[in-house]
Amino acid sequence: MKVYVPPIKCQGIKTKLVPLILANVELSGRGTWHEPFVGSGVVGFNLRPKRARFSDTNPHLIRFYDAVRTSDITPQTVREYLEREGAALAREGETHYYAVRDRFNRNHEPLDFLFLSRSCFNGMIRFNKNNGFNVPFCRKPQRFSAAYITKIVNQVKYVWEAAQLREWTFKCRSFEESIQDTSEGDFIYCDPPYLGRHVDYYNSWSLDDERRLRASLEKTQARFILSTWHSNRYRRNPALETIWAGFNVVTKEHFYHVGAKETNRNAMLEALVMNYTPRCTKEETGKPEQLSCV
Ligand SMILES: C[S@@+](CC[C@H](N)C(=O)[O-])C[C@H]1O[C@@H](n2cnc3c(N)ncnc32)[C@H](O)[C@@H]1O
């Protein structure tokens, strides 16, 4: 399966899990897709449902994608913006990166958010407790080459085209409000921050949050998949035997790197928790999944 990669990445992006998640989705023809923790949007954007409600408490992600939906941001405006700001970055180097970062922290312009996410260190988004974007520069002033700009423009074009033809909404709201909005025949994909891995202001997540999520999901008539971690070489996720006990679980091995060395690979088992019988558990049989990213 070719997996579309969105223009803005975020911590915990599920690019590698998209085929397994989509193979298990059961959304009725008249139903709505709900993603209360949409993040980068990689899961729902690959499914491209007719009707979708995408939500998140990070207002910058929502503002960006809603501007794409309303055509306040189009592939053309992205190209013009990146050509202009990319040229300034090439001329002025990190001074320009930090000028855009200051401007974004004052005005919260969605295109500045895109610029930062594509030129910051490691391409990740992170906010401090005053909601300020605080990732340093990637130290590549020539970042926005013609090919790189075209790649980003195409990533925006994919979401923009999909959103024009479909009934999609993007809302900044908590998972509780999103899940209250669901009914039978709908489908919910939940990908909360993982417990104990607090990474930034928008990604704090406590045991109490996890319990409240379970309580919300218990009330819904819709089918759901919840992403969480299953185990690594040191420990298992205790929430699977407590908070999520009684649901079906499908797992997939995932490798992540610590530092730059290829040898420093750590295996982690990701879990999909479902309130119905899984359709595809291929990963449990150990067969490698054919996956390429576009
Ligand atoms: C692991 S990320 C989602 C990643 C996404 N599935 C992807 O593949 O890109 C978790 C998201 O939950 C959001 N979030 C954190 N707390 C939340 C809450 N209480 N309600 C809704 N969203 C929340 C964060 O802003 C973050 O975007």
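As the structure lists them, so they are numbered: ligands from 1, and atoms in each ligand from 1.
At a 4.0 Å heavy-atom cut-off, ligand 1 touches P36 through the backbone alone. Neither the backbone nor the side chain of K9 comes within 4.0 Å of ligand 1, counting heavy atoms alone.
Considering backbone and side-chain atoms alike, K14 places an N or O below 3.5 Å from some N or O of ligand 1. Polar contact with ligand 1: present for S40 (N/O pair, distance under 3.5 Å). Considering both main-chain and side-chain atoms, F175 comes within under 3.5 Å of ligand 1 through a nitrogen or oxygen pair.
The single protein non-hydrogen atom nearest to atom 26 (C) of ligand 1 is N203 OD1, 3.4 Å, given as residue, atom name and distance. Atom 12 (O) of ligand 1 has its closest protein heavy atom at F37 CD2, 3.4 Å. At the shortest separation from atom 27 (O) of ligand 1 among protein heavy atoms lies D56 OD2, 2.7 Å. Looking from atom 4 (C) of ligand 1 to the surrounding protein, the closest heavy atom is D191 OD2, 3.2 Å. Ranking the protein heavy atoms by distance from atom 15 (C) of ligand 1 puts Y202 O, 3.0 Å first.
If you number the atoms of ligand 1 from 1 as listed, the ones under 4.0 Å from a heavy atom of V42 come out as 8 (O). Atoms of ligand 1 found under 4.0 Å from any heavy atom of S174 (numbered from 1 in listed order, with element): 20 (N). Atom numbering of ligand 1 starts at 1 in the shown order; those under 4.0 Å from a heavy atom of C10 are 4 (C), 9 (O). Near R173, meaning under 4.0 Å from one of its heavy atoms, ligand 1 places the atoms 21 (C). Heavy-atom contacts of I13 reach the following atoms of ligand 1: 7 (C), 8 (O), 9 (O) (cutoff under 4.0 Å).
Classification of E177 and K171 as a salt-bridged pair fails, no side-chain N sitting under 4.0 Å from a carboxylate O. Contact check on E80 versus R84 returns no salt bridge, with no Lys/Arg side-chain nitrogen under 4.0 Å from an Asp/Glu carboxylate oxygen. Ion pairing between a basic and an acidic side chain is recognised when a charged N comes within 4.0 Å of a carboxylate O; R106 and D102 show no such pairing. Here R53 does not pair with E35 in a salt bridge; the nearest charged N to carboxylate O distance is not below 4.0 Å.
Here the rule is side-chain contact (heavy atoms from CB on, under 4.5 Å) with L226, and of V273, N275, L272 only V273 fits it. The one candidate from F54, Y189, F175 that meets the ring pair (Phe, Tyr, Trp, His ring centres under 6.0 Å) condition with F37 is F175. Considering R91, R118, R143, R103 as possible partners of E85, the one that fulfils the salt bridge (charged side-chain N to carboxylate O under 4.0 Å, His left out) test is R103.
Ring planes of Y65 and F45: perpendicular class, angle over 60° (limits at 30 and 60°).
For the pair Q11 and ligand 1, a heavy-atom separation below 4.0 Å is found. In this structure, T15 has no heavy atom closer than 4.0 Å to ligand 1. The shortest heavy-atom distance from E176 to ligand 1 is not under 4.0 Å.
Proximity of N232 to L269: side-chain heavy atoms (C-beta onward) are nowhere separated by under 4.5 Å.
One distance of note links CZ of F170 with CG of D56; it measures 11.0 Å at 0.5 Å rounding.
Residue T57 holds the heavy atom nearest to atom 22 (N) of ligand 1 of all those in D209, L213, T57.
Every residue was checked against the side chain to side chain donor-acceptor pair (under 3.5 Å) condition with Y202, not counting sequence neighbours, and none meets it.
Ring centers of Y97 and F121: at least 6.0 Å apart, outside the cut-off.
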